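In what follows, a structure is listed as structure tokens, so that the remarks can point back to it.
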Amino acid sequence: MTTVTLGALAAHFGRDVHRGVSKAVGIIEAARRDGVDLLVFPDASIGGYIGDLRRPDTTELPPTLDPDGPELAAIAAAAGAMTVCIGYTEAAEGKRYNSAVCLSGDGVLGRHRKVHQPAGESLAYAAGESFCAFDTPVGRMGMLIDYDKTFPESARTLALDGARIIATLNAWPASVTDRAARLPADRQSRLFDLYDCARAAENQVFVVSSNLTGVTGSLRFLGQAKVVGPGGDVLANTRSKGGLAKVDVDVTAEITRARKVLNHLAELKSEAYGRR
């Protein structure tokens, strides 16, 4: 039996890159002392997120980072033996991408560029094109960036590629069209939790879901970081406050137990799902 500690972070990060890196390094060091093996930061942890989903101010977009630059190198150095997933705005090929990287002290383990873009986000970022799983010290896993998890095909692609853990890095705000007085009653709050649990249960994998907190521009972020088990049950949750949701699990044993009688991936009928 091999037990690992999975951690999902809810925290506020702004546009100051130096401050964001320093804050992330401090969080990593604290998590390492607490025995965390996988730490998932929110989307846009380094450099912040846009302030308006419908009409982003393209003159004041989040700063971009070189994917091989010193900022992510500092995160990798702090991670050491831990596996860390963190979000940032990537500068590559003359474009800007809403990106995530998974790394440890040994270097980059996996990368992801957000594929699905809500509302006016395409004015601020180019879209990614694929979903790929990769091997890490905590097992084979994959990453999604917030709106990606709305689409079942995203997580299913990762699960079919062997991912046992799916990290969803989020900059997920409360509803911008029908804002509730209390965050737990917000429509987007309910959807955020629903998608985390559904993606875990339908693929019988662990979902480690982070999110921003606080306010950026017109967006008020939900928090609600959590770890969800392969049966769709929430094992740890920060609710709307900042903090770290963490839990000790035997990933292989729990997934084997979940798939013992009903194995969703093995029982797929792919030939029945084509368009007509």
Side-chain angles (χ1 to χ4, degrees), residues 3-14 20 23-46 48-49 75 79 82-88 100 102 138 141 143-150 155 165-175 179-201 205-216 219-249 251 254:
T3 300
V4 295
T5 302
L6 309 179
L9 181 70
H12 176 70
F13 289 89
K23 182 174 182 177
V25 166
I27 291 170
I28 291 169
E29 291 173 346
R32 191 173 63 234
R33 290 192 296 270
D34 287 344
V36 174
D37 297 293
L38 171 65
L39 176 59
V40 179
F41 279 81
D43 177 29
S45 288
I46 304 178
Y49 189 57
I75 300 298
M82 286 177 56
T83 301
V84 174
C85 301
I86 195 164
Y88 69 106
C102 182
V138 295
M141 61 178 293
M143 296 185 291
L144 304 176
I145 298 177
D146 48 51
Y147 197 47
D148 284 336
K149 75 178 182 182
T150 303
I165 301 169
I166 296 177
T168 66
L169 296 81
N170 299 282
W172 196 291
S175 175
R179 184 164 293 181
R182 296 175 58 254
L183 282 179
D186 189 271
R187 179 171 62 90
Q188 288 299 327
S189 174
R190 296 193 298 271
L191 288 174
F192 183 87
D193 287 344
L194 174 64
Y195 294 145
D196 285 335
C197 294
R199 299 297 87 87
V205 298
F206 284 88
V207 167
V208 185
S209 178
S210 61
N211 199 16
L212 292 175
T213 59
V215 175
T216 298
L219 303 180
R220 180 177 57 157
F221 296 105
L222 297 170
Q224 298 177 204
K226 67 179 72 64
V227 180
V228 185
D233 46 325
V234 177
L235 305 178
N237 194 338
T238 67
R239 303 193 184 279
S240 60
K241 297 181 179 180
L244 182 65
K246 65 186 181 77
V247 65
D248 301 331
V249 296
V251 173
E254 291 301 318

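As the structure is a computational prediction, the values presented were derived from the model and not from experiment.
Side-chain atoms of Arg220 never come within 3.5 Å of backbone atoms of Pro173 as a donor-acceptor pair (strictly under, hydrogens ignored). The backbone N or O of Trp172 lies less than 3.5 Å from a partner atom in the side chain of Asn211, making a donor-acceptor pair. Between the side chain of Asp186 and the backbone N or O of Gln188, at least one donor-acceptor pair lies under 3.5 Å.
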message = side-chain contact (heavy atoms from CB on, under 4.5 Å) for Arg199 and Ile166? Distances and angles first, verdict last.
response = CA-CA 9 Å; Arg199 299 297 87 87; Ile166 296 177; 5.9 Å; no
inquiry  = Go through it in stages, so that I can follow the logic: the residues are Val249 and Val227, the test is side-chain contact (heavy atoms from CB on, under 4.5 Å), and I'd like the CA-CA distance, side-chain angles, deciding distance and then a yes or no.
reply    = CA-CA 10 Å; Val249 296; Val227 180; 5.7 Å; no
task = Quick one: do Leu144 and Val207 satisfy side-chain contact (heavy atoms from CB on, under 4.5 Å)? Show the steps, please.
result = CA-CA 10 Å; Leu144 304 176; Val207 167; over 6 Å; no
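Contact annotation: the side chain of Ser189 never approaches that of Leu183 to less than 4.5 Å [non-hydrogen atoms, C-beta and beyond]. Proximity of Ser209 to Val40: side-chain heavy atoms (C-beta onward) are nowhere separated by under 4.5 Å. Residues Ile27 and Leu39 are in side-chain contact: their nearest non-hydrogen atoms beyond the backbone lie under 4.5 Å apart. Using a 4.5 Å heavy-atom threshold, the side chains of Ile28 and Ile75 count as touching. Taking 4.5 Å as the limit, every side-chain heavy atom of Phe41 sits out of range of all side-chain heavy atoms of Cys85.
Closest non-hydrogen pair, Phe13 versus Pro42, comes out as CE1-CD, 4.2 Å. In terms of heavy atoms, Ala236 sits closest to Val247 at CB-CB, 4.4 Å. Considering all non-hydrogen atoms of both residues, Thr83 and Cys102 come closest at CG2-SG, 3.4 Å. A pairwise comparison of heavy atoms in Val228 and Gly232 identifies CG1-C, 3.6 Å as the closest pair. In terms of heavy atoms, Ala10 sits closest to Gly223 at CB-CA, 4.1 Å. Residues Ala245 and Thr238 come closest through the heavy atom pair N-CG2, 3.5 Å.
Arg32 CZ: more than 12 foreign heavy atoms inside a 6.0 Å radius.
The CG atom of Asp37 lies 7.5 Å from the CG atom of Leu6; values are rounded to the nearest 0.5 Å. The CG atom of Leu212 sits 10.0 Å away from atom CG of Leu219, with the distance rounded to the nearest 0.5 Å. Between Asp43 atom CG and Ser210 atom OG the span is 8.0 Å, to the nearest 0.5 Å. Distance check: Leu191 CG to Lys149 NZ gives 9.5 Å after rounding to the nearest 0.5 Å. For the atom pair CG of Leu38 and NZ of Lys246, the computed distance is 13.0 Å after rounding to the nearest 0.5 Å. The CG atom of Asn170 sits 12.0 Å away from the OH atom of Tyr195 when rounded to the nearest 0.5 Å.
Ion pair Lys226/Asp196 flagged as a salt bridge, since at least one NZ, NE, NH1 or NH2 atom sits closer than 4.0 Å to an Asp/Glu carboxylate oxygen.
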